Novice: 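Would you mind keeping the following structure in view while I ask a few things?
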Amino acid sequence: MDGLELIRKAFTLQPTDRIPWVPFVGVHGGFLTGTDAATYLKSAEEIVDGISKSVDLYNPDGIPVVFDLQVEAEALGCELRWSEAGVPAVVSHPLAEGKALSDLQIPGPNDGRIPVCVKAAGTLRKKYPDLALYGLITGPFTLALHLLGTDIFMKLFEAPDEVNSVMEFCTQVGEKMAQYYLEAGCDIIAVVDPMTSQIDPLTFESFVTPFATRIFDYIRREGKLSSFFVCGHAQQNIEAMCNCNPDNISIDENIPLDFVKEVALDKGISFGGNLKLTVVLLMGTPDDCRENALECLDLGGKTGFILAPGCDLPRETPPENLTAVADLVHDPYLQDVTRTLEKRENSLEIFNMKDYGQAEKVIVDVITLDSESCAPCQYMLEAVKRVTPYFDGVVEWREHAIKKMEAVNFMSSLMVKNIPTICIDGKIAFVSQIPPEKELIATIQKRINEKLKLNIKSKKGEFVLLGETENQCNELKERVVRALTETGKEINVRTIIGREKLAAYGAKGGPALVAISYKLKAEGTLPSVDVIKEWLKEL
């Protein structure tokens, strides 16, 4: 059975002999051909080469043509910040910067990079007639946010008619983009709307359901299949997504697969997901990938389930990890072998964070997938960056993108389960929802007020690391850095090398560590000699 037919059966809830497999190849296609992301996303020929290489390596049943939620935004006048390693990010919002909705025109087939995507789809259709081709379009709510910026969350309550007007326009854009992909030969239109993870079910039903439903109805009238894709902590909206009447919903690892299966099948809708994108596919081993894939296969079952990653693949995902998944999908014997193997122990390194948050500044940690490629992550980080200047150097923000293992360790150490998440001095503050500016400012200010009692502007202490050679201090320095990470402290660390200098600090041999602290003893007054003598006794 060819992949297209297999996916059609899964989408229509017919039992299948084998669970279909759809790797969400985006800029990873450029990685396979040695092309940077910006060049890849601007060339139909590069996209075709990357997808062709992916088909050869990963033996998929379906595959997206392009995974880039900035195509429509760019065609509508949003400025993009390009990256060599991932999809571009939207950095300007026309409707928040003086343009009126009436100034915007629905993009035509020759606007922006739309012809690049359409040409690639047409070429791939001819090259792979038995492969299910996915045309991915930006969901109306995410596109509305690109146009309005994060002001949209305030306007949901203060100017709902304005939001509805923008949503109407974005729905028309979505219908046109679906038309372009369908005319190019795509079999499935996936409406990718990650920013809906930021709203509650009532808001979803009021501002998303009427518009998303129209797009799915249009696709159905055209005789094609549809998927509603969301990433992030959107479990509260799964039923609402199903009520928009797509043929399929697709989710990431933030949402339990068995929960989605129960809700979707009860609504007569197929479902897809939710291979772990970073910890397993990007940073794991082939064994990790087979184990995770098998868990998904066993949970999903052979009715209505499509195995897929939780989002588009990070560019540098090791090909051997994806071929491991592909081999498992196509080989029942390998599934049995993997099922009998013992699970390997978790390799995450957990930091001791009980003292985190003792730094002089208030530390705002934003745990993301990657703000350059994940829209909810980007807008949550921007919310933090926008308010920190109000605090005049007292607040510092840090992004922890979990495409790197140290960030995964940090995330696990803070017991963060969903992304994006904002933590303030090590305490979880906002989970998978972009906070309104006033609420974020108030939360940070509350923590600052708590720290005032600790005199956060007192002079920092310092560590002096002593050794006869630099190598002698290296391991000690690593441990000091680890301790600073776990406490969130920021103190000066100096390394002093030389045998004669050890003696000056009273050390007979290295490595040695001297901890120096400073305590304010007098301010605005002259202490007596007797008082100064007492202070000297402490030294």
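Fair warning: this is a prediction, and the values are worked out from it, not measured in the lab.
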Novice: Salt bridge check, Lys276 against Asp252: does any charged N sit closer than 4.0 Å to a carboxylate O?
Specialist: no
Novice: Measuring centre to centre across the rings, with the benzene-like ring taken for any Trp, is Tyr40 within less than 6.0 Å of His28?
Specialist: no
Novice: Distance only, no hydrogens: is a donor on one side chain within 3.5 Å (strictly under) of an acceptor on the other, for Asp193 and Thr142?
Specialist: yes
Novice: Tell me whether Glu45 is salt-bridged to Lys119, with the criterion being a basic N under 4.0 Å from an acidic carboxylate O.
Specialist: yes
Novice: Should the pair Phe228 and Phe216 be assigned to parallel (<30°), tilted (30 to 60°) or perpendicular (>60°) ring geometry?
Specialist: tilted
Novice: If we only count heavy atoms from C-beta on, is the Tyr58 to Pro319 side-chain gap below 4.5 Å?
Specialist: yes
Novice: Anything under 30° is parallel, anything over 60° is perpendicular, the rest tilted; go ahead and classify Tyr134 against Phe11.
Specialist: perpendicular
Novice: Does Glu97 come within less than 4.0 Å of Lys99, counting only side-chain N to carboxylate O?
Specialist: no
Novice: Is it the case that the ring center of Phe229 lies less than 6.0 angstrom away from the ring center of Phe24?
Specialist: yes
Novice: Between Trp397 and Lys361, is there a cation-pi geometry (under 6.0 Å to ring centre, at most 45° from the normal)?
Specialist: no
Novice: For the ring pair Phe141 and Phe207, is the centre-to-centre distance below 6.0 Å?
Specialist: no
Novice: Do the side chains of Pro246 and Ile269 get nearer than 4.5 Å, heavy atoms only?
Specialist: yes
Novice: Are Asp217 and Arg220 within salt-bridge range, i.e. N to O under 4.0 Å?
Specialist: yes
Novice: Before accepting this row, confirm whether a basic side-chain N of the pair Asp187/Arg125 lies closer than 4.0 Å to the acidic partner's carboxylate O.
Specialist: yes
